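Below you'll find the structure, written out as structure tokens, and then a few comments.
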Amino acid sequence: MGVDMMHVAFLLLIVFTDGASSKTVCSYQDVLDHLNLTTDNSVFKLTRPVLDYTHPTMVELDIILYAILAVIEKTQTFIPFIWATMIWNNERISWDPAQFCGITQISVPRDMLWKPDLFIYEMIQKDDSPLNPYMYVSHDGMVISEEDMKVVSTCKMDVHKFPFDTQRCNITIGSAIHYADEMRVLPFSNSSRATQFSREVMKTQGEWEFLQLSIASYNFTFNNRQWEQLIYTFTMRRRPLLHVINFLLPILFFLSLDLASFFIADHRGEKLGFKVTVLLAISVLLLILNDILPSMSNKTPLIATYCIVIFALMLLSLLETILVTYLMEKDSASLEKLRLRGDWEDRQEKVKIDNYNTEEKRQTCCSCICKVSDGEKQHEMLPVAEEVNNSIQSGESHVLLLILAELKELQKTLNLHLGCREERGQSGHWAARINRVFFIFYVTTVSLFLSLIFTEWNT
Ligand SMILES: *[C@@H]1O[C@H](CO)[C@@H](O)[C@H](O)[C@H]1NC(C)=O
Ligand SMILES: *[C@@H]1O[C@H](CO)[C@@H](O)[C@H](O)[C@H]1NC(C)=O
């Protein structure tokens with residue numbers, strides 16, 4: 001029993017001593033201690049980290065587009081969300097990973113080391129997204145810094161083809177003060193790789209379809225000094241569906257309504273009211289356009305041309321309707337005069353008839369009187385029969401005249417109700433002709449214009 005205990009204790013001792021001897025414990029702090037890298041060691045912060053000042057610091061930059069947050073035409077602002085990686089060389093840092101249990105890189109707070117003073121030339125607003133607090137430091141002196149940032153940048157946009165446009169926005173990155181011989185700025189990956197990588201990680205595109213990210217290097221010269229810059233160009237195409245549904249189609253609908261209104265009957269001002277309503281609807285749509293497009297565009301946007309021309313055409317058709325209505329009005333006025341004269345003639349005729357009637361009556365009366373007076377001479381049949389015959393004949397013509405008068409009255413009312421189709425005066429004919437010619441002109445102009453503008457939009 002005692003021997004067993006001794007044995008176990010011995011074995012344990014062997015295990016412990018063995019472990020302690022073979023395992024060297026390493027921590028990141030050991031590396032920092034080796035480097036003498038502390039928060040209050042200003043050696044790492046003050047100057048460009050080269051041992052010989054003629055060595056340029058090579059900064060490699062990689063930018064990937066995460067999302068297109070907004071493209072605002074009105075203020076010419078482009079807001080992408082990018083992921084920027086900077087890699088540069090710090091000649092003061094190096095260690096042998098073999099001495100530190102194979103530690104090849106450590107992360108340190110950002111403000112412990114010198115950082116390149118890169119900035120974005122187009123940026124108009126300070127980035128307020130939270131900063132990544134650490135950077136990686138490798139054993140060979142490479143420092144890697146990664147940042148996600150929302151860049152609010154200006155971008156000169158060409159809205160000529162809005163909403164079928166493609167925009168190109170630049171982000172230029174360079175050192176704020178270091179010259180090209182002190183600090184080089186180099187792209188980490190080429191254009192096609194950056195494009196492909198951006199496509200893979202792209203989160204939201206919204207209205208815009210990301211097409212390409214291209215990278216160019218450029219030396220900016222001023223006062224015989226050179227600064228090296230990298231220019232990232234983002235190319236994206238607008239998805240026009242919303243604007244087509246919201247804007248282009250409604251205007252076309254109103255235009256077709258205006259075309260259809262040519263088939264509304266001209267009289268009584270209905271057509272005029274209808275056209276004015278359609279024109280008002282279009283002007284409301286024009287207000288929307290004013291919200292979207294910037295006013296400082298030197299090349300007129302096609303959509304403005306589209307609106308103005310259609311608006312002008314509809315205005316022209318409204319004016320034409322006013323003219324035609326005026327002519328019709330004039331026509332109907334002259335017709336009314338004619339009719340009044342006709343009425344007067346009718347009345348004359350009526351008076352004549354009435355006169356005739358009274359005469360007739362008198363005659364009949366007379367004949368009656370005659371009859372009565374000649375009552376006793378009933379044996380004399382012939383004159384009485386003649387008288388009756390006479391009265392029947394005159395009665396027939398009287399009825400016929402009455403029927404004629406009735407018919408004339410009926411025709412008049414019918415004419416009134418049918419809108420005097422048949423009775424057109426001189427100006428009425430003109431109105432019809434103008435209407436026809438203008439309709440043909442209108443349809444031709446509209447179809448020509450629409451085909452022209454859509455081909456322009458397409459190219
Ligand atoms: C480490 O840096 C401190 C100053 O921060 C300095 O006083 C000290 O001498 C340095 N040690 C070595 C070994 O370089
Ligand atoms: C910019 O200047 C640097 C340093 O003078 C030079 O190495 C580089 O080739 C130049 N780049 C361009 C695009 O001219």
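We count ligands from 1, going down the list as the structure has it; atoms in each ligand are counted the same way. Sequential numbering from 1 along the given sequence is applied to the chain's residues. Note that the structure is predicted; figures quoted are calculated from it, not measured.
- A cation-pi arrangement is not found for Arg225 relative to Phe222, the charged atom failing to lie both closer than 6.0 Å to the ring centre and inside a 45° cone about the ring normal.
- A donor-acceptor contact closer than 3.5 angstrom links the side chains of Glu91 and His55.
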Just list the N/O pairs, ligand 2 to protein, that are under 3.5 Å apart, with the distance for each.
unit_1   : atom_1 : unit_2 : atom_2 : d
ligand 2 : 2 (O)  : Asn219 : ND2    : 2.3
ligand 2 : 7 (O)  : Arg184 : NH1    : 3.3
ligand 2 : 11 (N) : Asn219 : ND2    : 3.0
ligand 2 : 14 (O) : Asn219 : ND2    : 3.2

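- Using a 4.0 Å cut-off between charged nitrogen and carboxylate oxygen, Arg239 and Glu207 do not count as a salt-bridge pair.
- Among pairs with a residue in residues 46-153, those fulfilling disulfide bond (SG atoms under 2.5 Å apart) read Cys26-Cys101, at least two apart in sequence or across chains.
- Taking every heavy atom of both residues into account, Asp62 and Ser189 meet most closely at OD1-OG, 2.7 Å.
- Side-chain contact of Ser129 with Asp127: a donor-acceptor pair under 3.5 Å is present, judged by distance alone.
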